[in-house]
Number of protein chains: 2
Amino acid sequence: MTYSKDMTTQQHTTTDAGLASELRLAVMRLRRRLATERHPDNDLSLGAMAVLAALCRRGEMTLGALADFERVQPPSMTRTVNCLEKGGYVARRPSDTDRRQVLIAITDLGRVTVAADRERRDAWLAKRLGGLSADERAVLRAAVPIFERIANE
Amino acid sequence: MTYSKDMTTQQHTTTDAGLASELRLAVMRLRRRLATERHPDNDLSLGAMAVLAALCRRGEMTLGALADFERVQPPSMTRTVNCLEKGGYVARRPSDTDRRQVLIAITDLGRVTVAADRERRDAWLAKRLGGLSADERAVLRAAVPIFERIANE
DNA sequence: TATTGTTATACTCTATAACTATA
DNA sequence: TATAGTTATAGAGTATAACAATA
C-alpha cells in the first residue's frame, strides 16, 4: 500500500474510499459539538433525550426494543429509563401478554420536555443551518434518512 | 449539483425546524454505530485514531490546536496524546519559539496505522455505502464539508 | 499577570457477567 | 432451557480545578 499525496493531504473527498473515513470523522466531530451545546433547563443527558424523543414519536416500546433502536445494550437502557422514570418523564408497566417484558411510555411531562428541548436545540442548530444555502440544507435533509439506514443495518 | 424533489422529499423532515432535531438524533445514532464497529488490530480508541488522522493530514500541531480541532478540553487531549506517544504513534517536541507549547507530530508507525485503520473501516462503511445509489452517495459526499463547517463554527 | 500544558479527581455513559422472573 | 430485564462491577472518555513552567 502506498501513501500518495492525495490520500494523506486531500481536503475533501472525491473517491468512495475516502468518503467512509471522512464521513466517520465528520460525524464524530459534529456529534461532539452537538453534545457540548448543553441545556440549562432540564437534567437529562443527550442519550436520555434521544430515548424520550423516540418514545414521543413511536409510542410505547419495550425496554429491549428501545435498546435495539438506540443501539445500546439492555443494561444501559435500564439505567437511562430509571433516570427518566425518576424524573417523571416516562412510566413503566408490565406487558399483558408476556410479563417478562416491560413497556415504557412517555408522560405528559416527557412530551412537554421533548418539545422544549427540540425548540432550544433547534434554535442553536437552526442558527447554523440558517447560514447555509437552500441547496446545502437540502443535502442535510436528504442525508438524515440515509444515516438512519446505515446505522440500523 | 442540485438536490431536487426526489432527493429532498422525505417523510421525516419536511420543515427546517424538524431538520435540526432529526439531524442531531441521526448523527448520534450513526456515531454510536460506528463506535461499536471495533478494530481488532490496534489498541487505539476512536478518539485517538481521529487525532492520528488529523496529524496525518494537517502535519505537526500544538496540543492546544489539536484540542480545539477535536473539540475537547486540553486535559483530555493530553491524555490521548500520552496514549499515542506511549505506543510510538506520535512524538512530542517543545516549540522553538514558545517553550510553553508542545508540538505533536505523527511517526511512521502512526502513518501506517492511519492507513490500515482507514482501509479496515472503509471496508465496513463502504459495504453500507455500496448499498446506496449513486445519488445517495453524492448526498453524503456533499454533507461532509457542511458538517465540518457546522462543527467548527 | 496571562497563557500552555499537565496532574488530580470525579462524573457520565457504556459494556460484560451474574442474577431473577417469567415463558 | 431460553428469554426479558435488572443488578453489580469495571472501563473508556470527558470535564473542572489546581498546579507548573514560560511569556
Side-chain angles (χ1 to χ4, degrees), chain A residues 25 27-29 31-40 42-52 60-87 90-105 151, chain B residues 25 27-40 42-52 60-87 90-105:
Chain A
L25 296 173
V27 164
M28 277 185 57
R29 269 197 287 275
R31 182 264 177 188
R32 201 168 314 154
R33 185 74 175 91
L34 291 170
T36 56
E37 273 309 310
R38 281 268 166 175
H39 40 278
N42 77 51
D43 55 338
L44 298 177
S45 73
L46 208 64
M49 281 309 310
V51 169
L52 218 47
E60 205 173 41
M61 294 170 77
T62 67
L63 188 131
L66 263 180
D68 281 353
F69 185 68
E70 291 297 325
R71 292 271 163 195
V72 297
Q73 292 301 308
S76 301
M77 190 50 69
T78 292
R79 198 185 142 108
T80 301
V81 168
N82 284 346
C83 192
L84 287 168
E85 192 183 31
K86 195 150 58 182
V90 304
R92 274 185 171 92
R93 76 174 180 87
S95 163
D96 299 326
T97 56
D98 182 342
R99 279 164 56 189
R100 291 172 304 181
Q101 293 186 328
V102 175
L103 290 163
I104 322 290
Chain B
L25 297 173
V27 165
M28 276 184 57
R29 269 198 288 275
L30 180 55
R31 184 263 177 189
R32 205 169 307 153
R33 185 75 175 89
L34 291 169
T36 56
E37 271 312 309
R38 281 268 165 176
H39 41 279
N42 77 51
D43 55 338
L44 298 177
S45 72
L46 207 66
M49 282 308 310
V51 169
L52 219 48
E60 204 172 41
M61 293 171 77
T62 67
L63 188 132
L66 263 180
D68 281 353
F69 185 68
E70 290 298 324
R71 292 272 162 194
V72 297
Q73 292 299 309
S76 302
M77 189 50 69
T78 291
R79 201 183 140 107
T80 301
V81 168
N82 285 345
C83 192
L84 288 168
E85 191 183 31
K86 195 152 57 183
V90 304
R92 275 185 170 93
R93 75 173 180 89
S95 164
D96 299 324
T97 56
D98 182 342
R99 282 164 54 188
R100 292 172 305 182
Q101 292 186 330
V102 174
L103 289 163
I104 322 290

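This is a predicted model, so every value here is computed, not measured. In what follows, every chain begins at residue 1, and chains take the letters A, B, ... in the order their sequences are listed.
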Seminar exercise, completed: B/S/- along nucleotides 17-23 of chain D (protein heavy atoms under 4.0 Å) is B---BBS
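- In terms of the side chain to side chain donor-acceptor pair (under 3.5 Å) criterion, Q101(A) has no residue partners (sequence neighbours excluded).
- The distance from atom CD of Q73(B) to atom P of dC11(C) is 18 Å, rounded to the nearest whole Å.
- At a threshold of 4.0 angstrom between heavy atoms, the contacts of G47(B) with the nucleic acid are absent.
- Every residue two or more places apart in sequence or in another chain that forms a side chain to side chain contact (heavy atoms under 4.5 Å, CB included) with A91(B) is listed here: T107(B).
- Residues satisfying the side chain to side chain donor-acceptor pair (under 3.5 Å) test with Q73(B), not counting sequence neighbours, are none.
- R79(B) meets the salt bridge (Lys or Arg N to Asp or Glu O under 4.0 Å) test with no other residue; sequence neighbours excluded.
- When the nearest nucleotides of DNA chain C are assigned to T62(B) and S76(A) by heavy-atom distance, the more 5′-ward of the two goes with T62(B).
- Helix bend of the helix from dG5(C)-dC19(D) to dA23(C)-dT1(D): the angle between its two end axes, each built from five pairs, comes to 10° after rounding to 10°.
- In terms of the side chain to side chain contact (heavy atoms under 4.5 Å, CB included) criterion, residue partners of A67(A) (sequence neighbours excluded) are, by chain and number, V72(A), M77(A).
- Among residues two or more places apart in sequence or in another chain, the salt bridge (Lys or Arg N to Asp or Glu O under 4.0 Å) test is passed with R99(B) by none.
- In this structure, R79(A) atom CZ and dA8(D) atom P are separated by 13 Å, rounded to whole Å.
- Straight-line distance from the CG atom of L46(B) to the P atom of dA15(C): 14 Å, rounded to whole Å.
- Between T78(A) and dT7(D) there is no side-chain polar atom (N or O) within less than 4.0 angstrom of OP1 or OP2.
- Residues V90(A) and V81(A) approach most closely at CG2-O, 4.1 Å, considering heavy atoms.
- When rounded to the nearest whole Å, the span between NZ of K86(B) and P of dT6(C) equals 14 Å.
- Using a 4.0 Å heavy-atom criterion, one finds that S95(A) contacts no nucleic acid atom at all.
- Taking the side chain to side chain contact (heavy atoms under 4.5 Å, CB included) definition, one finds that D68(A) meets it with nothing, sequence neighbours left out.
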